[in-house]
Amino acid sequence: MKKEKILIIGSNGQIGLELAATLRQRYGQDQVVCSDIRALENQEGLFEQLDVLDKDRFYEIVKKHEISQVYLLAALLSATAEKNPKFAWDLNMNGLFNILDAAKEGIIKQVYWPSSIAVFGPSTPRVSTPQYTVMEPNTIYGISKLAGERFCEYYHQKYGVDVRSIRYPGLIGWKSAPGGGTTDYAVHIYHEAIKNKTYNSFLSAGTTLPMMYMDDAIRATISLMEAAPESIKIRSSYNVTGMSFNPEEIAASIRKHIPDFTLGYAPDFRQAIADSWPQSIDDTEAREHWGWKPAFDLDAMTAVMLNNIKA
Ligand code: SER
C-alpha cells in the first residue's frame, strides 16, 4: 500500500504546529509537508510557502510532493473575521474551494477541514447543543463555517469527495499560541497566571463555552481521518467536545495550584460573539460513529497547562 503523503496548510497556526508534530511522529518526517503564508524563523522539516488562495502554487506543491491528503487549517478566526469580513469570507471560502476542487478532480484523495461551534447562533438551543439543530450564525466566521460545511457535504454527495470535518470547540494548548479567536482567553489566562498571578478576562463572569484540550483535539482529528470511510456518516461536520466552563470555573481550577490567583473582567466586542454560541455540546454521533471520547477534563488540563508553561 502506498503511504499517504500529507500537506498541512496553515501549519504554523495554533492547531497546525501541534498537528504537524504529531503527524510526523506517526507517519514519518518525510510523509508530512508543512505550508503556511510565512515560514517560521526556525522552520523545521519539509516546508513550502503557500497562500491558500494561490491555486496554481497549491497544485505545484501537490505535484512536487505527490500529496494525497490535505489538512486545510488556514482561516481567519471569529474575532479577526469581524474586523475584516470581506477578506475573511474570501479566505475561508475560496481557500476551501481550491482544495475541494483538487479532490473533485482526483488530484488528492482525502481532505480534512475544521468547522467550529461558531456555526451555531443565538437561536440555537445553547445547552447540550445537538448535531442537528437550528443554525443561524451571526458572525462572519460562523457564516463562512456553516457555508463551508454545506459545501463539504455537497462535494461528498455529488462528486464522492472524501472530506472529513469536526466542529471544534475552543482549543487550549501550551505548545502554540491562539490567534484571533473568542475562546483565546482560556489560553491567555494560564500564561498570565504563571507570569503575574492575575488576569483580566475579555469575556464576562458566567460566560460558559465548550472547550477542549489540544491533545484531545489532535487525537479526534487523526482518528476521524483514519476511520473507515463507511463509519463516517456525517460529511458536513461532527460535533465534538471535551468540557465546558466559564472564566470563574477555570480560575477556581487554577487556584488549586496558585491559591492567590485573581481574576478581573473587561469584556469587549468578543462578549457578543461568545453570547451567540452554545454553552455545551452533545457529541453522541462522533462517539457512536468513530469512537470519540475525550481524555481531559478541566482539572486535568489545568495541571498540564500550568506545569508545561512553568517549565
Ligand atoms: N476558537 C474559535 C474562535 O474562538 C472557535 O472556532 O474563533
Side-chain angles (χ1 to χ4, degrees), residues 10 13-19 71-85 87-89 91-93 95-96 112-122 124 126 129 135 137-149 152 165-191 201-204 207-218 220-221 224 236-247 250 267-281 283 286 294 296 301 305:
Q14 187 197 12
I15 303 170
L17 282 169
E18 299 222 18
L19 184 68
Y71 288 78
L72 169 57
L73 305 177
L76 283 204
L77 291 195
S78 58
T80 327
E82 289 307 298
K83 294 187 173 156
N84 202 344
F87 175 63
W89 178 258
L91 177 69
N92 293 4
M93 296 311 298
L96 175 59
Y112 179 80
W113 175 81
S115 186
S116 160
I117 54 163
V119 292
F120 301 114
T124 303
R126 296 188 70 196
T129 302
M135 295 169 94
N138 63 358
T139 63
I140 289 297
Y141 178 66
I143 294 168
S144 74
K145 288 296 181 189
L146 181 55
E149 283 192 9
C152 287
S165 175
I166 283 173
R167 291 173 182 153
Y168 290 129
L171 299 184
I172 298 156
W174 54 272
K175 292 181 197 150
S176 57
T182 300
T183 55
D184 297 9
Y185 94 88
V187 178
H188 299 155
I189 194 169
Y190 287 117
H191 289 269
S201 168
F202 60 74
L203 297 183
S204 65
T207 307
T208 300
L209 288 170
M211 302 275 185
M212 187 181 273
Y213 182 53
M214 187 61 86
D215 287 21
D216 272 345
I218 300 296
T221 305
L224 176 67
S236 50
S237 190
Y238 275 96
N239 276 12
V240 294
T241 191
M243 61 190 95
S244 278
F245 58 78
N246 62 40
I250 190 173
D268 64 16
F269 74 101
R270 288 169 282 194
Q271 184 65 45
I273 301 177
D275 288 340
S276 79
W277 288 353
Q279 298 183 338
S280 57
I281 294 289
D283 56 10
F296 286 82
M301 176 173 79
M305 286 295 288

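Keep in mind that what you see is a predicted model, and the values were worked out from it rather than measured. In each ligand, atom 1 is the first atom listed, and ligand 1 is the first ligand listed.
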In terms of the angle between their ring planes, are F245 and Y185 parallel, tilted or perpendicular, with boundaries placed at 30° and 60°? perpendicular
Kindly print each ligand 1 N/O atom paired with any protein N/O atom under 3.5 angstrom away, one pair per line, or none if nothing qualifies.
from: ligand 1; atom 1: 1 (N); to: T183; atom 2: OG1; distance (Å): 2.8
from: ligand 1; atom 1: 4 (O); to: S78; atom 2: OG; distance (Å): 3.3
from: ligand 1; atom 1: 4 (O); to: T182; atom 2: N; distance (Å): 2.6
from: ligand 1; atom 1: 4 (O); to: T183; atom 2: N; distance (Å): 3.2
from: ligand 1; atom 1: 4 (O); to: T183; atom 2: OG1; distance (Å): 3.4
from: ligand 1; atom 1: 6 (O); to: S116; atom 2: OG; distance (Å): 2.6
from: ligand 1; atom 1: 6 (O); to: Y141; atom 2: OH; distance (Å): 3.0
from: ligand 1; atom 1: 7 (O); to: S78; atom 2: N; distance (Å): 3.1
from: ligand 1; atom 1: 7 (O); to: S78; atom 2: OG; distance (Å): 2.5

Just by distance, no angles: are the side chains of E149 and S165 close enough, under 3.5 Å, to form a donor-acceptor pair? no
Would you please say whether a donor-acceptor pair under 3.5 Å links the side chains of S78 and T182? yes
Ignoring hydrogens and angles, tell me if any N or O in the side chain of R126 forms a donor-acceptor pair with the backbone of S280 under 3.5 Å. no
Donor-acceptor contact below 3.5 Å, side chain Q271 vs main chain S204: yes
Only counting residues at least two apart or in another chain, list the ones meeting salt bridge (Lys or Arg N to Asp or Glu O under 4.0 Å) with E82. none
